[in-house]
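Below is one structure; the comments refer to it alone.
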Amino acid sequence: MTNLAIQQTDYDAFSSKIAAIQRGYLPPSSKNALNQDYDDADAWLSKLYINFKELHMNYLNVLRSKNRRVYSKINKASLNSFPVMNYGTYLRTAAIDLSVLQYLNDSTFDKFQIVNLGAGSDLRMIQYLNMFPDRLENFVDIDFAEAVQLKQGIINDLGFKNDKYHLLACDLKQDIKKTMETLESRLDLSTPTIIITECMLCYLPETQSQLLIDNCMKSFEKGCWISYDPIGGDQPSDRFGKIMKNNLQESRGLDLPTLLIYSSTEKYLQRWAADNKAESTILDMWQFHNKYISAKEMARLRSLQFLDEIEELKLMQLHYVILQCEWQ
Amino acid sequence: MELEKTIRLLKEGKHLSEERVYDICLKSQELLITEGNVTHVDTPVTICGDIHGQLHDLLTLFEKSGGVEKTRYVFLGDFVDRGFYSLESFLLLLCYKIRYPDRITLIRGNHETRQITKVYGFYDEVMRKYGNSNVWRYCCEVFDYLSLGAIINNRIFCVHGGLSPDVSTINEIKAIDRKQEVPHEGAMCDLLWSDPDDVDKWSLSPRGAGFLFGSNEVEEFLHTNGFELIARAHQLVMEGYKEMFDGGLVTVWSAPNYCYRCGNVAAVLKIDDQLERNYTIFDAVQPQDGVGNAIIPTKQPQMDYFL
């Protein structure tokens, strides 16, 4: 599989996000959107999503001047996004941010750092550095050299500059030693570290993804891994994963080496279970939807577009997971 | 004959001229305008659920269930959107309607509207294939004339979505002025949008239109109208069909591997003269590469996954 096939998935993710923003799904509503058990949940969420739309639209506009080809790809895809995709993008975004905020809310530590592996065009570094100017020590984005170059150019034009932000080129499929050297060049191993992998591990071969998890959890003394990925499904009658793997392979040469291996929430979680001091939770995204999206927020989402198929939404969300693993 | 040739072209997924499409739409409209909001149909008949532009699977459906030359069909709507061959699928059904008017009944689904087809793919498909929206407009005109329901042997009620709190008798459906874009609320909207569910009264639908109804509503409707079954489509069923409420309602789904990614099988329901139910299950046509009928055209936009 070429790196290009993987790199291009960033355009899918970013265009989906743009579509969800333009249709009004994202950001989540700032009042009682998510069922949370801590007091400041609303305040935290509204702080995190401040200027969210503006930030993303500005990024898209600068991208237009930097790379016309990528821009038109993203723009075109964002115009053709089905409601079921907008819903899913909303859920994906909310799930990751909620996991980060939950970890920080429960924490007793002050300073922390965040690593986004395979970050692509994700703009969480701006959101989180704005939200935690004192507590957040370092924010590291890792991606392929080409992706990093494009992103650096865009954020320069946007005027975003922060000494705590490090945008680093690294092929995560390569020798794990090099990956760890890259991470350790900018991060402090004794500071609590949040590692985000959003549709990243699914593109790695089995061995490499395990090495990455093991090495990070061993090197960083304390932290929280937050991962969002597809799972193939493990019921005999469930063909979703097999079809997904074939479809993506045939239409764009994109391989998902572990989709059918870590095919259930239990199997997906196993990779973090080697460390028996770690505490993990995992939900499929339909469980997440039912547990965390408030009735009020569901009513808001319903009003945006007619959703033609609930069963389809459910089927898809059953095949994606959000994992949270804390270790120390 | 011109119609036979058109049918052959459509089956092959070939392009038709705008004029030809206009002609088909006009002729179908003339036929449909004479039909009531609720059509009466005799057994034996085969009931088919959502098609969603999956032309090749529609051809399988006809093949597995006897074919329109020998069999009577009721289609429960959602001919267009999502799949890559909405236009060909819908026009093929219209051509069959013109060719065999007594053997095919077409009921309107919630996708057969201007608003929904602009979001869910049919409009874009026409723009891609013709460079303008004329053909889409002709088809939308036909949508407005499709029936809202059908009754088989006075015992089985066929509808796309389900029941409405505004409808207790068939006469109330007959009183609707159906020749319009589907409204956002009211009886006509509900018939096309509602879903059965495990609820004890009319409830809000998560789709944003129509209602959820339960066994109470179904029992009452069946009893009031002297029916034994509601046959509807509208919801993806992984096994192709699903009976609920002691067999008082069935969902029939006829788009296998929906959206080319759901992995479900499809079904049609044959009702014989004794009103016995026989389901036929079928699977999606395998994609073929290169020559001939590639199911997913190579230049199509990407299938939807979160990547």
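Because only heavy atoms are used, hydrogens play no part in the values below, and waters and symmetry mates are left out as well, while side chains stay in. This one's a predicted model, so the numbers in the text were calculated from it and none came from an experiment. Order of the sequence lines sets the chain letters (A, B, ...), proteins ahead of strands, with each chain counted from 1.
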Of the backbone (N, CA, C, O) and the side chain (C-beta and beyond), which part of [X] lies under 4.5 Å from a heavy atom of chain B, both, or neither?
X      : value
A/Y228 : side chain
A/T89  : both
A/Y320 : side chain

Do other residues, nucleotides or ligands put more than 12 heavy atoms under 6.0 Å from the [atom1] atom of [X]?
X      : atom1 : value
A/R23  : CZ    : no
B/E243 : CD    : yes
B/K179 : NZ    : yes
A/K267 : NZ    : yes
A/K73  : NZ    : no

Assess the residue pair A/V84 and B/D304 against the criterion (side chain to side chain contact (heavy atoms under 4.5 Å, CB included)); give the C-alpha distance rounded to whole Å, side-chain angles, the decisive distance to 0.1 Å, and a yes or no.
CA-CA 9 Å; A/V84 72; B/D304 290 318; 5.6 Å; no
Ignoring hydrogens, what is the shortest heavy-atom contact between B/A209 and A/F306? Give both atom names and the distance.
CB-CE2, 3.5 Å
Of A/D10, A/D12, A/I6, the residue whose pairing with B/L307 passes side chain to side chain contact (heavy atoms under 4.5 Å, CB included):
A/D12
Do A/P83 and B/V119 come close enough that some side-chain heavy atom pair is under 4.5 Å?
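Counting from C-beta outward, A/P83 and B/V119 do come under 4.5 Å.
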Applying a criterion of heavy atom separation less than 4.5 Å, what residues of residues 308-319 of chain A form contacts with chain B?
A/D308, A/E309, A/I310, A/E311, A/E312, A/L315, A/M316, A/Q317
Heavy-atom distances under 4.5 Å only: say whether B/Q115 touches chain A with side chain, backbone, both or neither.
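Contact with chain A: side chain only.
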Which bit of B/V237 comes within less than 4.5 Å of chain A, counting heavy atoms only: side chain, backbone, both or neither?
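Neither; nothing under 4.5 Å.
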Mutual orientation of the aromatic rings belonging to B/Y120 and A/F82 [parallel < 30°, tilted 30-60°, perpendicular > 60°]
parallel
Do you know which of A/M298, A/M200, A/Q305, A/R92 has the most heavy-atom pairs under 4.5 Å to chain B?
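Most heavy-atom pairs within the cutoff with chain B belong to A/R92.
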Value rounded to 0.5 Å, distance of SG in A/C199 from CZ in B/F306:
9.0 Å
Gap separating the CD1 atom of A/I243 from the CG atom of B/N257, nearest 0.5 angstrom:
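Answer for the CD1-CG pair, A/I243 versus B/N257, is 4.0 Å.
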